[in-house]
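Here is the structure we will look at.
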There are 2 protein chains.
Amino acid sequence: MLICVAKRRSYHQHCGLARALDVVGERWTLLIIRDLLLGPRRYTDFLRSLDGITTNLLAERLAHLVAEGLVEQAELAPPGRAQVYRLTSAGAELEPVVMELARWGWRYLAKPRRGDRFDPGWALLSMKRRYPGGLDRQVGFEVEGRAFWVSLGEKMDVVEGALPPSEAVAALHAEAFKMLFFGAATVQALEQEGELQIRGDRQAILEVAHALRPPSRL
Amino acid sequence: MLICVAKRRSYHQHCGLARALDVVGERWTLLIIRDLLLGPRRYTDFLRSLDGITTNLLAERLAHLVAEGLVEQAELAPPGRAQVYRLTSAGAELEPVVMELARWGWRYLAKPRRGDRFDPGWALLSMKRRYPGGLDRQVGFEVEGRAFWVSLGEKMDVVEGALPPSEAVAALHAEAFKMLFFGAATVQALEQEGELQIRGDRQAILEVAHALRPPSRL
DNA sequence: CCGGATCCGTAACGATACTG
DNA sequence: CAGTATCGTTACGGATCCGG
């Protein structure tokens, strides 16, 4: 009987970058972190979001992240009582890493590839770096059955899922959200075309959308 | 005869992070970028620095980075006339990504692993984020036959290789440099022990070392 | 020596099926 | 729902070889 010590692949370099990549450099890992930045997730949430990942690989990545202390498991309060994965504080400190990579990769989004999946959560996350600060608004976005809660204060916070009610909620389809994200449409235009409905404080939605508008092309 | 279209693996997500990882997420890629941030490199430079990479993989990674427009090949001026790889502007824009990952991975460097390679170039790169600005100094570091030129102005620049002469040069061994990097020693202490020699403006070296000192442990 | 290309074994990954 | 088990495929690692 052989006892196999799990020997992870490593660059064996005493360098912050190399050590970081030793831990989170494997395939899918940072995408899992990105999803968790929107709040706790269940196993099947990942399977839905990370289209193409296989169940064994997801299980292995999650186990590794838990072992590294970047992710922890928790039980959701009743009546849900489902088990979820959530970031630890060490894992949450990966946010600047994710944001920098997303910022650099933004250039490739200008020419969309056919068949690529779009998720409003990913878009909202990347909007964090657009927010210049100075507002105090809490609004919600409902996109095809999913709810995102955006809080603009000193910083921008965004989480997916049920949360305290906000001043206003905008409901729209993913395609419309995509257009907002890329500046191909405005809230007013989408509203006129019936692609966007606002409940509550309309001004709040307009202010938030304006604060998070894409950088002008010049 | 089959014509095979090179089909790269992709996450197929319309997301900046996923697209970035599609391009630079493969093994070794960001380490190659890191090395290039110190200046142009030759093929064999990579082989020496990236201990463990194989020649076929290095060739493939470089070819891919060139194809993506992040790296370009150039001929060094005579009498060297060697071919080198260097970053394009798009590639150089990966510096914040590398720095953020290195910052996050810094925590793992506190407990060194046996057998990990140390490179003063990697250390100097990660010192960029320590520099608070406000100085105007150019100094050199000679570490076991390698020359690094550090310029502190509005920002910190560091390149490896021959460059315009600086105000001062400090010569030391890698182990001594490591101690400086981690705050386990000071320039004065190393000098007294004969582990560090200064040519030229001693004050310049002291100022640079102080500006780049590791964050205090509290 | 430099700058790779080629071949092959192994480990990581991907697809599918199955289970408590 | 939350995984495990099995198996084929691809990427990676190790070694050698080759033209300039």
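The sequence lines fix the lettering, A, B, ..., with proteins before strands; numbering per chain opens at 1.
Taking 4.0 Å as the cut-off between side-chain N and carboxylate O, A/K178 and A/D119 do not count as a salt-bridged pair. Using a cutoff of 4.0 Å between basic side-chain nitrogens and carboxylate oxygens, B/R199 and B/E142 are scored as salt-bridged.
Ring centroid separation for the pair B/W104 and B/Y108 comes in under the 6.0 Å cut-off.
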Exercise. Scan nucleotides 6-16 of chain D nucleotide by nucleotide, 5' to 3', and note B when protein non-hydrogen atoms come under 4.0 Å of the base, S if they reach only the sugar-phosphate, - if neither.
Key: B---SSSBBB-

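With rounding to whole Å, B/L47 atom CG is found 10 Å from C/dG4 atom P. Protein atom NE2 of A/H64 is 18 Å distant from nucleotide atom P of C/dA11, rounded to whole Å. Distance CZ (A/R41) to P (D/dC1): 15 Å, rounded to an integer number of Å. Whole-Å rounding puts the A/Y85 OH to D/dC1 C1' distance at 11 Å. What separates CG of A/L31 from C1' of C/dC13 is a distance of 15 Å, to the nearest Å. To the nearest angstrom, P of C/dA12 lies 18 Å from CG of A/L58. We find that CD of B/Q83 is positioned 12 Å from P of C/dC2, with the value rounded to whole Å. Rounded to an integer number of Å, the gap from A/Q73 CD to D/dA2 P is 10 Å.
Among the heavy atoms of the strands, none lies under 4.0 Å from A/F46.
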Output side-chain donor-acceptor pairs under 3.5 Å for residues 60-69 of chain B, partner residues at least two apart or in another chain, one line each.
residue : atom : partner : partner atom : Å
B/R61   : NE   : B/R27   : O            : 2.7
B/R61   : NH2  : B/R27   : O            : 3.4
B/H64   : NE2  : B/R8    : NE           : 3.4

Quiz item: Going through the distances and angles, do A/W149 and A/D157 end up as a side-chain hydrogen bond (donor to acceptor under 3.5 Å, both in side chains)?
Solution: CA-CA 8 Å; A/W149 300 90; A/D157 276 332; over 6 Å; no

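Within the 4.5 Å cutoff, the side chain of B/V143 has no heavy atoms near those of the B/H173 side chain.
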